[in-house]
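To start, the structure under review is shown below, and the notes come after it.
We count ligands from 1, going down the list as the structure has it; atoms in each ligand are counted the same way. Numbers here are sequence positions counted from 1. All values below come from the heavy atoms of this structure, side chains included, with hydrogens, waters and symmetry mates left out.
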Amino acid sequence: MAQPRILVIGGGLAGLSATMRLAELGIQVDLVSLVPVKRSHSVCAQGGINSVNSLTRQQGDNEWKHFDDTVYGGDFLQHQPPVKEMADWGPRIVDLMDRLGVPFNRTPEGFRDQRRFGGTLYKRTAFAGATTGQQLLYSLDEQVRRWEVEGRVKKWEFWDFLEPVLDDSGRCRGAICQDLVTMQFKAFPADAVVLATGGCGLIYGRSTMSMVCSGSAVSRAYRAGAAYGNGEFIQVHPTAIPGADKLRLMSESARGEGGRVWVPRKPHDPRDPREIPEAERMYFLEERYPKYGNLVPRDIATREIFDVCTNEGLSVEKDQLCVYLDLTHVPRETLDRKLGGILEIYEKFQGVDPRVVPMKIFPAVHYSMGGLWVDYEKSASGGLVEGSPRNQQTTIPGLYAVGECDYQYHGANRLGANSLLSCIFSGLFCASGVVAAAESARKTAAEESSRLFDAASRREEERHRGLLARTAGRENPYELHQELGNLMTRVATVVRRNDQLAAAYAEVVALEERWRNCAVSDSGNWTNQNVVFTKSLGDMFPVAKLILKGALLRDECRGAHFKPEFAMPGIHATDPGEKRREAERWCDTFEESTRRWLRSTVARCGAGGEPEISYEPVDTSLTPPRPRLYGLVGGEVIEEVWKERGARGGQADAAGKRLAGAST
Ligand SMILES: Cc1cc2nc3c(=O)[nH]c(=O)nc-3n(C[C@H](O)[C@H](O)[C@H](O)COP(=O)(O)OP(=O)(O)OC[C@H]3O[C@@H](n4cnc5c(N)ncnc54)[C@H](O)[C@@H]3O)c2cc1C
């Protein structure tokens, strides 16, 4: 019997690692990408990739602690078996990438250098200067090229994935894609399809993500029937460089190398920051979280920065919200060697040398924890069964999702440097299961597949022609996109309120209606970027709606999702008895919120295109949820109460017992 053929959509880290592994397994792969694979968004990743390593092991670290930091960081919203498997694979993945030629930074002794990232007390992050994503991507690209030369892989760059083709039983049999140069349509029959199409930041207009991260591919799979998980969990990175066109990341590695976040104690202090004495500066993260300091997880750092600027009125500037991120105390040689790439970005766009003057930064939309819902098969040891066709499979049989476009690994908040790991892990790990699924699919191959592909091609051609014919529409797609981005940024980022979310949902429905009236200024049928953008804009609305509806319905605070009316009560009392009572109330609220809301949001595209939301329980079989305090000053009494509840047994039992040994 002939070998199966597999279609991989997306050539970032997740897509390339899946392609490499499938080719190694002897499979023919078609690799489709909107942009040349070396220009995939992964090329922008800066700070590094996490894994337990020999240095951290000497300090008592192990894979379990990496797993535990990840689920604690994600506010316990992710299924634990896939996270455990990923943490177990971490050291092997970094070793593999090292052997494939990634020039990781070295210590003078020749060992891989490591830095600390947020949400952990260990230096788990391996890095290649400040261009880690680029080095990883180029190394995987080399491997895929090797298989291309062998004839095992065929690359289709500048092709747009338009829809998965499903047979009458609902199984994915391939896809329809469009050549972005000739604008021709092509059917790609396949025994399984792997989506590795990255995040959806463009829905927010300006973000740290690349301009191709529109989420269009995921939206097309969702509309074809694939469920979407935890859409409302969008990460807002604490440190970005504000810009009129785009928000550029200032990587967490800046804080990993000693960067300190502060504001002048005097609001809008006009002095040069270098002239403001230490005593007149507020290092608010260090003061409030002395244990983790500037490296608290992103959701916490972002809210603190936002709060300092908006509620405490301590923004550095009056007309623009920002705080200082200060690296001026770190030796220039260290900065150049370890952070050169990102400091050049700051200098280029701000015209100021951050080695000499503190940077001005503010939070920005950065990452989607949510994505296509994917399955897994749990092993007896609590990880995953390798080779199971269920791993990474969406709700459409034969359609898989890996990398940032799946919802599996990061729960309510992703830890820095865990994404590159989850992308490479999910790409590599899923391959054997995809092959098993593809092999069994061949036995039941749809006899009338040409009928399916012809019908799908016709549908896409009609949609395309319909858009090209819209030269007389009243709406400008680029202006509509700006309106959508501004709206989403205003209501669905750091702070969310139900009245605003409900109103925004209605506004998105209205924008989608206006989109039907978009004029396409270029009616030509050769490299027509105008029509491609208009199409992808149309695909942003379904995802925007599921983000808003998921956020509206989730009445709690968890990770990146924060609603002030459901915020956990603070500990304000000074009297020990009252403090204790407040802590008891805090733990009651925590237990109640966990009971009601520790479940994943699952959105399905309803008949009229509206999201239908249901919930699934989260597998917390390896470690139970516990209060997420990160050593917050004043939080000790909560820890004390929680531990006592654990010791007494009941709901918090195991969690309370673990608390003693785990990070809090
Ligand atoms: C500025 C920045 C820095 C970061 N730094 C780090 C870091 O240091 N460490 C870390 O762990 N994480 C980091 N991240 C996150 C990380 O970079 C991403 O999550 C990760 O690279 C995503 O990889 P991916 O393979 O899933 O998708 P991508 O790299 O985004 O690739 C998506 C692929 O899908 C293709 N595609 C998309 N739509 C279509 C379509 N319709 N048809 C055909 N092809 C399509 C694209 O062409 C591309 O090839 C950073 C993120 C940003 C924004």
Exercise for the section: Could you note down all residue pairs passing salt bridge (charged side-chain N to carboxylate O under 4.0 Å, His left out) where residues 200-218 supplies at least one of them, sequence neighbours left out? Expected result: none
Exercise for the section: Look only at interatomic distance and state if G11 has a nitrogen or oxygen under 3.5 Å from any nitrogen or oxygen of ligand 1. Expected result: yes
Problem - Heteroatom distance test (C405, ligand 1): nitrogen or oxygen, under 3.5 angstrom - result: no
Under a 4.0 angstrom heavy-atom cut-off, which atoms of ligand 1 come close to [X]?
X: Y367; result: 19 (O)
X: T208; result: 1 (C), 53 (C)
X: W159; result: 42 (N), 43 (C)
X: G12; result: 25 (O), 29 (O), 31 (O), 33 (C), 49 (O)
X: A417; result: 9 (N), 10 (C), 11 (O)
X: V35; result: 47 (O)
X: L249; result: 1 (C), 2 (C), 3 (C)
X: C423; result: 20 (C), 22 (C), 23 (O), 24 (P), 26 (O)

Ignoring hydrogens, just give me the one of [options] whose non-hydrogen atom is nearest [atom].
atom: atom 27 (O) of ligand 1; options: G256, G198, G47, G133; result: G198
atom: atom 10 (C) of ligand 1; options: D160, I9, L420; result: L420
atom: atom 19 (O) of ligand 1; options: Q235, R248, E404; result: E404
atom: atom 9 (N) of ligand 1; options: S253, G48, S419; result: G48

Handout entry: Candidates L468, T527, V532 - the one meeting side chain to side chain contact (heavy atoms under 4.5 Å, CB included) with M183
Key = V532
Problem - Side chains of Q46 and F127 in contact at under 4.5 Å (non-hydrogen atoms) - result: no
NZ/NE/NH1/NH2 to OD/OE distance under 4.0 Å, [X] and [Y]:
X: D98; Y: R112; value: yes
X: K84; Y: D88; value: yes
X: R146; Y: D141; value: no
X: K155; Y: D30; value: no
X: R220; Y: E163; value: no
X: K545; Y: E512; value: yes
X: D69; Y: R124; value: yes
X: R145; Y: E148; value: no

Practice task
Verify, without hydrogens or angle tests, whether S40 (side chain) and S42 (backbone) share a donor-acceptor contact under 3.5 angstrom.
Solution key: no
Could you find the nearest protein heavy atom to [atom] and give me its residue, atom name and distance?
atom: atom 48 (C) of ligand 1; value: S40 OG, 3.3 Å
atom: atom 35 (C) of ligand 1; value: G10 CA, 3.6 Å
atom: atom 53 (C) of ligand 1; value: H41 CE1, 3.0 Å
atom: atom 47 (O) of ligand 1; value: S33 OG, 2.8 Å
atom: atom 52 (C) of ligand 1; value: H366 CE1, 3.2 Å
atom: atom 42 (N) of ligand 1; value: F161 N, 2.8 Å
atom: atom 38 (N) of ligand 1; value: L34 CD2, 3.7 Å
atom: atom 23 (O) of ligand 1; value: S42 OG, 3.0 Å

Handout entry: Residues in side-chain hydrogen bond (donor to acceptor under 3.5 Å, both in side chains) contact with Q28, at least two apart in sequence or another chain
Key = none
Non-hydrogen atoms of [X] versus ligand 1: any pair closer than 4.0 Å?
X: F127; answer: no
X: N418; answer: yes
X: V212; answer: no
X: A196; answer: yes
X: V37; answer: no
X: I49; answer: no
X: R414; answer: yes

Practice task
Nearest 0.5 Å please: distance from the OG1 atom of T394 over to the CH2 atom of W373.
Solution key: 8.5 Å
Exercise for the section: To the nearest 0.5 Å, tell me how far E157 CD sits from S33 OG. Expected result: 6.0 Å
Problem - Name of the residue among K123, R106, K338 meeting side chain to side chain donor-acceptor pair (under 3.5 Å) with D113 - result: K338
Practice task
State whether the number of non-hydrogen atoms from other residues, nucleotides or ligands found under 6.0 Å of R223 atom CZ is greater than 12.
Solution key: yes
Practice task
Determine whether the side chain, the backbone, both or neither of T197 has a heavy atom under 4.0 Å from any heavy atom of ligand 1.
Solution key: both
Problem - Residue portion contacting ligand 1 (non-hydrogen atoms closer than 4.0 Å) for A45 - result: both
Problem - Working for side-chain contact (heavy atoms from CB on, under 4.5 Å), residues H237 and Y367 - result: CA-CA 8 Å; H237 194 290; Y367 183 85; over 6 Å; no
